[in-house]
Amino acid sequence: MPWSAAFDDPISLASGRKLRTLQEAADHIMQLPEDAQHASHWQTAVETLINAAETGGGWMMFAHIAMLRALNADARRK
């Protein structure tokens, strides 16, 4: 499955921007400060994004959930 594969539902960011594809989600993580990227919730999101890109299928749903959980974890820390 290509990195351009779209999530069933876009992921809304606090800024109002939406992450629609695996690539947009990966780019979002890469724009985070390096120490944030190494947090376990973001590492889980990265792993599931890679699995979704390599395998597709149910991994798309897992990647979507992992991104939402990581975003929520960051929001709770602020």
Side-chain angles (χ1 to χ4, degrees):
M1 181 163 276
W3 283 92
S4 60
F7 294 114
D8 288 338
D9 296 310
I11 299 168
S12 297
L13 302 177
S15 66
R17 208 172 114 228
K18 293 185 186 285
L19 304 176
R20 291 181 169 79
T21 66
L22 295 172
Q23 186 64 58
E24 289 176 1
D27 290 344
H28 175 76
I29 296 170
M30 294 305 295
Q31 292 172 0
L32 296 172
E34 191 169 338
D35 60 326
Q37 291 178 31
H38 293 290
S40 62
H41 53 275
W42 286 114
Q43 287 297 302
T44 299
V46 167
E47 289 174 23
T48 58
L49 289 170
I50 292 168
N51 284 331
E54 291 177 346
T55 310
W59 282 104
M60 285 296 290
M61 178 184 65
F62 292 135
H64 189 271
I65 292 167
M67 285 297 298
L68 291 173
R69 290 186 68 164
L71 289 165
N72 287 334
D74 274 1
R76 282 193 301 263
R77 292 177 185 210
K78 291 182 180 179

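FYI, side chains are in, hydrogens and waters are out, and symmetry mates aren't considered; it's all heavy atoms of this structure.
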**Request:** Please examine the side chains of R69 and T44, heavy atoms only from C-beta on, and report whether any two atoms are closer than 4.5 Å.
**Result:** no

**From CD1 (I29) to CD (E24), nearest 0.5 Å** = 12.5 Å

**Fill in**
d(L19 CG, L71 CG) to nearest 0.5 Å is 7.0 Å

**Item:** ILVMFWY cluster, L13 and L32 together (side-chain gap under 4.5 Å)
**Value:** yes

**Item:** I50 side chain near W3 side chain, heavy-atom distance below 4.5 Å
**Value:** yes

**Asked** With the 4.5 Å side-chain cut-off for hydrophobic clustering, are M1 and V46 part of the same group?
**Response** yes

**Message:** Measuring from atom NE2 of H41 to atom CE of M67, what distance do you get when rounded to the nearest 0.5 angstrom?
**Reply:** 10.0 Å

**Request:** Considering only Ile, Leu, Val, Met, Phe, Trp and Tyr, and joining two whenever side-chain heavy atoms are under 4.5 Å apart, list the other residues clustered with M30.
**Result:** none

**Item:** Closest non-hydrogen atom pair between A66 and A45, with its separation
**Value:** CB-CA, 3.8 Å

**Message:** Testing M61, K18, M60 one by one against F7 for a side-chain contact (heavy atoms from CB on, under 4.5 Å), which residue passes?
**Reply:** M60

**Asked** Do any N or O atoms from the side chain of Q37 and from the backbone of W42 form a donor-acceptor pair under 3.5 angstrom?
**Response** no

**Message:** Could you work out, with side-chain contact (heavy atoms from CB on, under 4.5 Å) as the rule, every residue matching P2, not counting sequence neighbours?
**Reply:** S4

**Prompt:** Could you give all pairs that pass the side chain to side chain donor-acceptor pair (under 3.5 Å) test and reach residues 55-64, with sequence neighbours left out?
**Reply:** none

